[in-house]
Amino acid sequence: MLRTSKSAPAGGPARRRSRPPRVLAAGVVLALAAPAVPATAAPRPAPTAPAIVWSPCVAPPDEQTPVPPGAECGVLSLPIDWDHPEGQRFDLAVARRTATDRAARVGSLVFGPGGPGDSGVDRVRKDDRFSAEMRRHFDVVSFDPRGTGRSSPVRCSAALLAAQPKVISDRAEFDRTLAGNARLRADCRARTGPIVDHVDTRSTARDLDALRAALGESRLTFHGSSYGTLLGAQYAEEFPHRVRAIVLESVMDHSLGTRAFLDTQAATVQDAFDEFVAWCAGAASCALHGSDVRAVWAGLFARAEHGELSDPDRPAVLLTPFDLSRLAQRALYGPDWSGLAADIDTMRRGTTPPAGTSTGTSAGTSTGASADGRDVATYPFAVFCADWHLPVRDHREYDRHLRRLARIAPDLRYPQALAAVATCLGTPAPVANPQHRLRVRTATPLLLVNGRHDPASGYAWATGVARQLGRSGVLLTYDGWGHGSYTRSACVQTAVDRYLIALRVPARGSHCPAVLPAG
């Protein structure tokens with residue numbers, strides 16, 4: 001059931017429990033909030049609504065899993081630079097599934113994918129994101145954001161991308177990273193063309209408004225997940241008068257500077273690891289049950305630092321300390337506590353890898369060959385570097401960040417935010433879409449949904465955004481784990497569905513109970 005709590009904490013780490021909570025019932029009782037706030041921003045002129053020609057989506061040749069029928073795909077021609085709409089254009093790849101009950105149809109629901117780099121087109125084709133009740137009432141629509149997927153992706157040298165470090169070890173590597181990133185930016189611009197300078201989320205928000213118009217909707221109904229929450233929040237800021245309902249699930253806080261961004265990520269991943277350790281202590285099914293999990297984990301870190309730890313799934317690949325930390329963080333997304341425990345058990349029983357074992361390779365890019373035969377890779381993270389200014393003056397300052405993060409997250413010393421800082425190091429300021437506190441005034445408040453122990457979009461981010469939104473936002477807390485909650489909690493799903501379908505807003509302070517992960 002959904003409950004409200006006047007004493008729910010506004011942020012910060014939750015108190016540790018000696019054991020995981022019991023699975024609670026998933027029924028829902030929703031109260032209505034009544035925060036009608038008039039829009040104050042001056043309306044932008046509505047964009048011209050070009051037609052989208054829809055046709056059945058065609059699966060890629062390498063598609064292994066059968067795709068449910070019924071998805072339609074198309075493209076929307078849009079300006080590369082919205083400040084000069086008469087200039088060059090690109091094709092935004094879009095997909096939809098029409099409402100299953102035309103008589104009950106409310107309109108179009110646009111899904112904002114995460115990443116950056118997740119494909120909304122693939123999500124619609126798979127048809128695995130929303131409940132049957134939501135699909136009954138809405139045409140579910142999504143897209144690949146500009147600069148990613150099928151929408152003019154940023155393309156760069158695969159070799160330059162592979163040379164980017166995840167953690168910078170010394171001053172010489174810091175200087176090499178600055179120089180390498182400058183070469184990478186020039187290379188991406190040469191291979192990609194002018195859109196590389198316009199892949200920021202503010203530009204995508206204007207794409208989203210053009211998509212709304214092309215769908216024939218006077219107001220936007222939107223559900224954004226993870227990085228897609230930045231898009232939803234910025235749309236509400238740019239076009240408050242065109243908001244019907246917006247859900248932000250696993251919320252990004254786009255107001256943070258370098259130190260706050262790193263520190264909140266470190267606290268978030270450490271909290272998620274603490275929850276895993278607490279579960280293992282109380283679950284006989286945990287492969288490490290009865291062991292000192294933190295001591296075992298520390299031993300793995302020491303082996304990784306000495307180049308003596310193999311990937312549990314690829315024994316010929318060595319794990320760096322950052323790779324080991326990322327392995328845990330990925331498992332905590334589910335969360336897959338049983339799988340993480342099994343991997344740790346496999347690694348602690350493993351022997352020293354033989355000489356010649358390779359180190360892990362970079363993730364998050366897709367390689368291919370350019371017309372001139374040189375290796376290229378798509379680079380969706382260019383979006384992040386256009387949205388965030390995270391300066392670090394020199395290696396001395398960078399090293400202070402590393403030492404502070406190790407104190408905040410003694411088990412997971414390398415949050416993935418570190419890789420983001422290294423990847424964008426040296427990006428000229430101002431970036432296209434710099435951080436700022438939200439200024440939103442909408443008639444219907446935005447619905448924020450966040451897990452208490454989300455390992456990627458921490459609860460502190462959600463409470464921070466809720467404070468920025470004020471009366472224009474309501475936070476629904478899922479008292480459980482994992483990155484995202486709509487697909488794992490019937491309570492959250494019902495609350496979100498009622499909000500999007502009937503505009504029934506949960507009462508402030510509402511909570512949904514934790515659902516214990518399987519295993």
Side-chain angles (χ1 to χ4, degrees), residues 44-55 73-95 110 112-113 115-121 141-158 160-161 181-215 220 227-228 230-231 234-235 238-239 242 365-366 368-372 374 376-388 424 427-434:
R44 286 181 180 272
T48 303
I52 301 173
V53 178
W54 298 101
S55 60
C73 288
V75 296
L76 182 61
S77 176
L78 298 173
I80 286 177
D81 183 354
W82 276 104
D83 291 335
H84 299 92
E86 72 286 350
Q88 291 181 280
R89 304 178 76 82
F90 78 102
D91 286 340
L92 184 78
V94 296
V110 181
D118 292 352
S119 170
V121 170
V141 181
S142 195
F143 58 99
D144 291 356
R146 58 168 60 212
T148 71
R150 301 164 181 84
S151 298
S152 296
V154 175
R155 297 181 184 275
C156 313
S157 160
L160 288 176
L161 285 171
N181 285 354
R183 288 194 297 272
L184 178 65
R185 288 191 295 273
D187 179 87
C188 297
R189 184 171 291 104
R191 294 177 188 270
T192 305
I195 198 170
V196 76
D197 294 316
H198 302 279
V199 296
D200 58 285
T201 296
R202 183 171 181 270
S203 294
T204 302
R206 300 180 76 173
D207 297 345
L208 179 57
D209 196 52
L211 176 59
R212 172 204 58 77
L215 295 171
L220 177 71
Y227 207 80
L230 177 55
L231 173 59
Q234 291 209 246
Y235 183 92
E238 295 279 326
F239 306 100
R242 295 185 193 146
T365 58
S366 175
S370 62
D372 58 9
R374 291 178 293 177
V376 298
T378 58
Y379 183 42
F381 213 75
V383 173
F384 185 94
C385 297
D387 283 336
W388 294 80
C424 301
T427 301
V431 297
N433 181 36

*Asks:* Supply the atom-to-atom distance Asp207 CG to Leu78 CG, rounded to the nearest 0.5 angstrom.
*Replies:* 5.0 Å
*Asks:* Specify the closest pair of heavy atoms between Gly115 and Tyr227, including all atoms of both residues, with the distance to one decimal.
*Replies:* N-CB, 3.7 Å
*Asks:* Does Tyr379 reach the side chain of Thr192, with side-chain heavy atoms less than 4.5 Å apart?
*Replies:* no
*Asks:* Would you call the rings of Trp388 and Phe384 parallel, tilted or perpendicular, where under 30° means parallel and over 60° means perpendicular?
*Replies:* parallel
*Asks:* Just so I know, are the side chains of Arg185 and Pro428 near enough to count as touching, which here means a heavy-atom distance under 4.5 Å?
*Replies:* yes
*Asks:* Closest heavy-atom contact between Cys188 and Val196?
*Replies:* CB-CG2, 4.2 Å
*Asks:* Please examine the side chains of Asp200 and Val431, heavy atoms only from C-beta on, and report whether any two atoms are closer than 4.5 Å.
*Replies:* no
*Asks:* For the residue pair Tyr235 and Arg242, establish whether any side-chain heavy-atom pair is separated by less than 4.5 Å.
*Replies:* yes
*Asks:* Do Thr201 and Asp387 have side-chain N/O donor and acceptor atoms under 3.5 Å apart?
*Replies:* yes
*Asks:* Just to verify, what does Asp118 make a salt bridge (Lys or Arg N to Asp or Glu O under 4.0 Å) with, not counting sequence neighbours?
*Replies:* none
*Asks:* Could you check whether any side-chain heavy atom of Ile195 comes within less than 4.5 Å of a side-chain heavy atom of Arg146, counting everything from C-beta outward?
*Replies:* yes
*Asks:* Is there a side-chain contact between Pro113 and Ser119 in this structure, where contact means two heavy atoms from C-beta onward sitting under 4.5 Å apart?
*Replies:* no
*Asks:* Mind checking the CZ-CD1 spacing from Arg89 to Ile80? Nearest 0.5 Å is all I need.
*Replies:* 9.5 Å
*Asks:* List the atom of Leu161, the atom of Ala377, and the distance in Å for their closest heavy-atom pair.
*Replies:* CD1-CB, 3.7 Å
*Asks:* Would you give the length of the straight line joining atom CG of Asp209 to atom CZ of Phe239, rounded to the nearest 0.5 angstrom?
*Replies:* 4.0 Å
*Asks:* Is the shortest heavy-atom distance from the side chain of Pro194 to the side chain of Asp81 under 4.5 Å?
*Replies:* no
*Asks:* Quick one: does any side-chain atom of Asp144 pair with a main-chain N or O of Arg150 as donor and acceptor, under 3.5 Å?
*Replies:* yes
*Asks:* Closest approach of Arg155 and Arg191, non-hydrogen atoms and distance?
*Replies:* O-CB, 3.4 Å
*Asks:* Identify the two heavy atoms, one from Val94 and one from Val75, that lie closest to each other, and give their separation to 0.1 Å.
*Replies:* CG2-N, 4.1 Å
*Asks:* If you define the side chain from C-beta out and look only at heavy atoms, does anything of Val121 sit under 4.5 Å from Cys73?
*Replies:* yes
*Asks:* Using salt bridge (Lys or Arg N to Asp or Glu O under 4.0 Å), reason through Glu238 and Arg202 one step at a time and then give a plain yes or no.
*Replies:* CA-CA 8 Å; Glu238 295 279 326; Arg202 183 171 181 270; 3.0 Å; yes
*Asks:* Test your reading of the model: is there a side-chain donor-acceptor pair from Ser152 to the backbone of Thr148, 3.5 Å cut-off?
*Replies:* no
*Asks:* Which atoms form the tightest heavy-atom contact between Asn433 and Gln234, and what is the distance?
*Replies:* ND2-OE1, 2.6 Å
*Asks:* Can you tell me how far the CG atom of Asp83 sits from the OG atom of Ser203, to the nearest 0.5 Å?
*Replies:* 7.5 Å
*Asks:* Determine, step by step, whether Ile52 and Leu211 satisfy the side chain to side chain contact (heavy atoms under 4.5 Å, CB included) criterion, reporting the C-alpha distance in whole Å, the side-chain angles of both residues, the deciding distance to 0.1 Å, and the verdict.
*Replies:* CA-CA 9 Å; Ile52 301 173; Leu211 176 59; 3.9 Å; yes
